[in-house]
Amino acid sequence: MENETSAGSPLVTRDRLFSAIMLIAGVFLVGEAFSYSYNSSIFLRVMAVSLALGAAVRLLLSFLRPSSSASGAGADSVAPAATVLILLLGYVALIGVVGFFLSTAIFCLAALVGFGRRFSLSYVLISLGIAAFIFALFFAALGVALPDSTLDLDRHLMIF
């Protein structure tokens, strides 16, 4: 018989709780993304909808698929998922302040350092490369409008 506590009933697991929180955050971000003009929020809309759909699918699967095991070292660890949530929320917040390029580079660097558990100069170069590639693809090549930001640093990167 499994040990049941007030927070550990079979209906409420860490996975389901985290999925529900991510779904709520995703729905909030979808609402926020769709409050901006279409041309300046395409990328943000895609990310927000992806987050909401991914969380909804994860939540649904947690009910359809029985838990593999309640035991197991670290199987229920929410630290990586919480790290991703914090990084995504910080990323979305930074886009509105410093712009797309710098916030994407910071997000990538934080993710690489956070999951790699060490800092490396190559992480900085990889982060800048990813940000530059996405920036060039969406905003320079495809002509998607840049999201509005307080500092408006992205406008200085438009060389095309």
Side-chain angles (χ1 to χ4, degrees), residues 11-65 67 75-117 119-120 122-160:
L11 185 60
V12 178
T13 63
R14 288 187 211 173
D15 185 43
R16 290 178 184 157
L17 180 62
F18 183 75
S19 297
I21 291 169
M22 292 295 285
L23 180 59
I24 292 167
V27 168
F28 170 76
L29 291 174
V30 166
E32 189 67 24
F34 279 83
S35 71
Y36 294 106
S37 69
Y38 176 76
N39 288 334
S40 68
S41 66
I42 293 172
F43 182 75
L44 183 58
R45 288 178 183 195
V46 169
M47 286 188 55
V49 169
S50 298
L51 175 65
L53 287 176
V57 167
R58 178 75 179 180
L59 186 61
L60 180 64
L61 288 176
S62 74
F63 285 104
L64 296 177
R65 196 173 41 194
S67 178
D76 278 344
S77 177
V78 296
T83 302
V84 170
L85 175 63
I86 291 167
L87 286 173
L88 283 173
L89 292 175
Y91 177 56
V92 170
L94 270 178
I95 286 177
V97 177
V98 299
F100 174 82
F101 184 83
L102 187 57
S103 61
T104 302
I106 291 170
F107 169 77
C108 291
L109 181 61
L112 288 169
V113 170
F115 289 110
R117 304 279 189 233
F119 179 82
S120 171
S122 64
Y123 288 172
V124 174
L125 298 175
I126 290 168
S127 299
L128 290 173
I130 290 171
F133 174 76
I134 294 172
F135 187 87
L137 177 67
F138 280 96
F139 306 115
L142 296 176
V144 174
L146 287 165
D148 297 328
S149 63
T150 304
L151 298 179
D152 207 21
L153 300 175
D154 292 332
R155 303 273 179 227
H156 303 292
L157 297 173
M158 294 300 291
I159 56 175
F160 300 102

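Small disclaimer: the values here were computed from a predicted structure and weren't measured.
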> Sequence neighbours left out, what passes side chain to side chain contact (heavy atoms under 4.5 Å, CB included) with Ser19? Give chain and number order.
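Result, side chain to side chain contact (heavy atoms under 4.5 Å, CB included) vs Ser19: Asp15, Arg58, Leu59.
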> Please give me the minimum heavy-atom distance between Ala111 and Leu87, naming the atom from each residue.
CA-CD1, 3.7 Å
> Can you name the residues that form a side chain to side chain contact (heavy atoms under 4.5 Å, CB included) with Leu51, not counting sequence neighbours?
Met22, Leu29, Leu88
> Applying side-chain hydrogen bond (donor to acceptor under 3.5 Å, both in side chains), can you list everything that pairs with Ser122, at least two apart in sequence or on another chain?
Ser120
> Which residue pairs pass the salt bridge (charged side-chain N to carboxylate O under 4.0 Å, His left out) test when at least one of the two sits in residues 25-44, sequence neighbours left out?
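Checked against salt bridge (charged side-chain N to carboxylate O under 4.0 Å, His left out) - neighbours excluded - no pair reaches residues 25-44.
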> Mind checking the CD1-SG spacing from Ile106 to Cys108? Nearest 0.5 Å is all I need.
10.5 Å
> Ser37: which residues meet the side-chain hydrogen bond (donor to acceptor under 3.5 Å, both in side chains) condition with it, sequence neighbours left out?
Ser40
> Can you give the donor-acceptor pairs under 3.5 Å from side chains of residues 123-141 to other protein atoms, not counting sequence neighbours?
{"residue": "Ser127", "atom": "OG", "partner": "Leu109", "partner atom": "N", "Å": "3.0"}
{"residue": "Ser127", "atom": "OG", "partner": "Tyr123", "partner atom": "O", "Å": "2.8"}

> Would you list the atom pairs, donor with acceptor, under 3.5 Å between side chains in residues 94-105 and any protein atom, with sequence neighbours excluded?
{"residue": "Ser103", "atom": "OG", "partner": "Gly99", "partner atom": "O", "Å": "2.6"}
{"residue": "Ser103", "atom": "OG", "partner": "Phe100", "partner atom": "O", "Å": "3.0"}
{"residue": "Thr104", "atom": "OG1", "partner": "Tyr91", "partner atom": "OH", "Å": "2.7"}
{"residue": "Thr104", "atom": "OG1", "partner": "Phe100", "partner atom": "O", "Å": "2.8"}

> Restricting to pairs with a member in residues 131-141, which pass side-chain hydrogen bond (donor to acceptor under 3.5 Å, both in side chains), not counting sequence neighbours?
none
> Ile21: which residues meet the side chain to side chain contact (heavy atoms under 4.5 Å, CB included) condition with it, sequence neighbours left out?
Leu17, Leu85
> Got a sec, which residues hit side chain to side chain contact (heavy atoms under 4.5 Å, CB included) with Ala33, two or more places apart in sequence or on another chain?
Leu44, Arg45, Ala48
> Kindly indicate whether the side chain of Ile42, heavy atoms from C-beta on, has any atom under 4.5 Å from the side chain of Tyr36.
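In short, these two side chains do not touch, never coming nearer than 4.5 Å.
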